[in-house]
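Below is one structure; the comments refer to it alone.
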Amino acid sequence: MNNRREFLRNLSLGTGALFAWKYLSFATPATGTESRIDILLDEPLGMISSTIYGHFTENLGGVIYDGIWVGKNSVIPNVDGIRKDLVDQMRKIKAPVVRFPGGCFADSYDWRDGIGPADKRPRRTNFWGDVESKNGPASHKYDPNQFGTNEFVHFCNLIGSQPYLAANLRSLPAEEFHRWVEYCNSPAGSTTLADLRASAGYPEPFGVRYWGVGNESWGCGGNFTPQEYAVEFRRFATWVPRYGMDLSLVASGPNDDNWDWTRGFLEEILKKGPSQLRSIYGLALHYYAWNLSRGRTNDWNEGKGDALKFDAVDWYELLRQGEVIESLIEGHWQAMGEFDREHGIKLVVDEWGPWYKPGSEATPGDILEQTPTLRDAVFSGMTLDVFNRHPGKIGMANCAQLINCLNSLYLAHEDKFCVTPVGYVFDLYSAHQGGQSLRAIFSSPQVHYDRDGKAANLPGLSGSASLHDKELMLTVTNPHTSEPNETEITIPGATIRKASATVLTHSDIHAHNTFTERDAVVPRTQTLELRGASIIFGFPPASVTKLLLTLA
Ligand code: AHR
């Protein structure tokens with residue numbers, strides 16, 4: 001996706017729910033279904049790291065100022081300046097980790113601007129300032145630095161998440177990265193920076209474990225070659241102060257299928273010997289689904305589709321791009337294995353989601369904001385299922401981005417707030433965290449569609465299964481826009497004692513939640529009656545489903 005590089009460089013239940021409900025039937029005969037899912041209890045794939053369910057918050061447009069930070073004196077309900085609705089929702093979805101301050105913004109950020117007394121903090125031109133809309137609030141173009149390290153870590157503590165900080169490698173020296181670690185992690189009373197932290201009300205160390213060493217260093221993070229970046233990474237990663245804790249350093253990794261980046265970086269790292277590999281916890285992979293031009297163009301602006309106005313083919317095209325992420329994970333994993341045979345380094349997919357053209361902003365003027373629909377919910381479910389199926393490879397993943405940006409879980413403006421269909425998917429899937437991923441075999445007819453005169457297809461049902469003790473959770477997406485899919489689900493060797501289904505769907509594939517219609521797309525739960533060893537379930541068209549099965 002060289003065009004994105006170019007773009008970044010140039011910057012220097014209503015009626016629909018009722019319709020869906022009729023498909024939540026539970027039939028007796030185990031014959032005549034078009035699909036089947038077999039969940040294999042004796043084929044564990046590994047523990048699903050909770051951090052796969054991570055988030056990304058960049059100081060960009062309305063993400064921080066308006067989205068997260070409303071200010072301590074605001075009339076908008078807040079907890080120490082942080083939007084209360086957001087805190088409540090994120091506790092609910094058990095958000096495990098949040099990445100901050102970018103994105104591209106990170107490589108322009110001086111962490112020292114965001115600490116100390118709030119009224120003494122400088123205002124700086126935001127990295128995204130040049131593409132900010134003229135009518136946007138000043139805080140978007142000129143960073144007021146009211147939300148810095150202390151406020152971010154406090155936000156993480158409030159929601160029970162771990163902070164993941166991205167260090168500036170493009171425009172600050174390694175020393176500043178080490179000092180930021182010192183500010184966050186040095187013991188109470190030990191250093192001048194620890195005292196500074198204490199003076200803000202935080203005597204105890206923040207204990208930040210996850211650190212990104214630059215962001216998209218192939219583009220906005222410095223336009224490095226993989227070899228040049230590897231040299232920088234080694235410098236930044238050498239002798240980082242630890243304060244008795246394990247740090248997990250994440251290297252800037254490839255953009256979608258840039259295998260050369262993965263290989264070039266690791267090859268260069270290895271030039272100083274195999275022990276260098278052990279300084280890397282993860283390699284960051286970024287993947288955005290954006291090209292809905294059906295093969296007409298690769299231009300970053302021309303190729304994008306509309307978030308709200310789309311036809312069935314656009315729906316399928318986006319989901320087809322979504323499933324590409326599995327081949328990227330497998331491909332990069334294989335390339336990494338050529339250099340890191342023991343696979344000590346994990347993939348960290350710290351930016352993923354669909355990216356549409358401007359026009360669907362809930363708050364006009366918020367850059368990179370779009371309104372997620374049911375299509376994005378199905379895309380997100382499919383993506384999370386892919387991560388669940390590769391637990392040994394993925395160390396962390398972060399949806400881009402949490403609020404008011406791209407694949408948002410939440411939209412907010414002033415006192416208005418709503419959960420998007422993507423937010424509900426994270427709610428549905430949260431119970432996968434920490435479960436044992438199980439192999440599940442999906443046998444389902446493909447979806448066929450006409451791509452401007454050419455036959456195209458994508459898998460019928462797909463999903464993932466995980467086990468917590470006797471609780472088995474199966475999540476499934478049905479991408480078909482109009483056909484339900486009746487499916488037999490078996491768990492050889494197990495007896496099901498109890499079952500429930502929670503479904504997110506709507507009769508209109510464009511359905512989405514807004515500030516005025518907050519509940520257009522909401523999940524519905526139903527207890528299922530058990531009859532026999534397997535279950536038959538009708539997955540509604542255009543749906544994301546969670547089945548919770550209690551085993552004997
Ligand atoms: O998420 C928006 C931007 O996309 C990020 O700042 C950057 O890392 C990526 O190109």
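One-based numbering, in listed order, for ligands and for the atoms of each. Keep in mind the model is a prediction, meaning the values are calculated, not measured.
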Aromatic plane relationship, Y229 with F224 - under 30° parallel, 30 to 60° tilted, over 60° perpendicular: tilted

Whether F236 and F177 hold their rings parallel, tilted or perpendicular, with breakpoints at 30° and 60°: parallel

Evaluation steps, side-chain contact (heavy atoms from CB on, under 4.5 Å), between T225 and W218: CA-CA 6 Å; T225 64; W218 39 262; over 6 Å; no

Using a plain distance cutoff, I'd like to know if [X] has any nitrogen or oxygen under 3.5 Å from a nitrogen or oxygen of ligand 1.
X	value
W355	no
E351	yes
H286	no
C104	yes

Region of F105 that comes within reach of ligand 1 [heavy atoms, distance under 4.0 Å]: neither

Per-residue contact class, F127 against ligand 1 - non-hydrogen pairs under 4.0 Å: neither

Test item, W128 contacting ligand 1 (heavy atom, 4.0 angstrom): yes

Side-chain ion pair, K271 and E268, N-O less than 4.0 Å: yes

Exam field: side chain S50 to backbone P96, donor-acceptor pair closer than 3.5 Å: no

Evaluation steps, side-chain contact (heavy atoms from CB on, under 4.5 Å), between W211 and Y164: CA-CA 6 Å; W211 293 89; Y164 168 21; 5.9 Å; no

Donor-acceptor pair between T149 and W180 side chains, under 3.5 angstrom: yes

Enumerated ligand 1 atoms positioned under 4.0 Å from heavy atoms of Y288: 1 (O), 2 (C), 4 (O)

Element-labelled atoms of ligand 1 that are located less than 4.0 Å from some non-hydrogen atom of Q401: 1 (O), 2 (C)

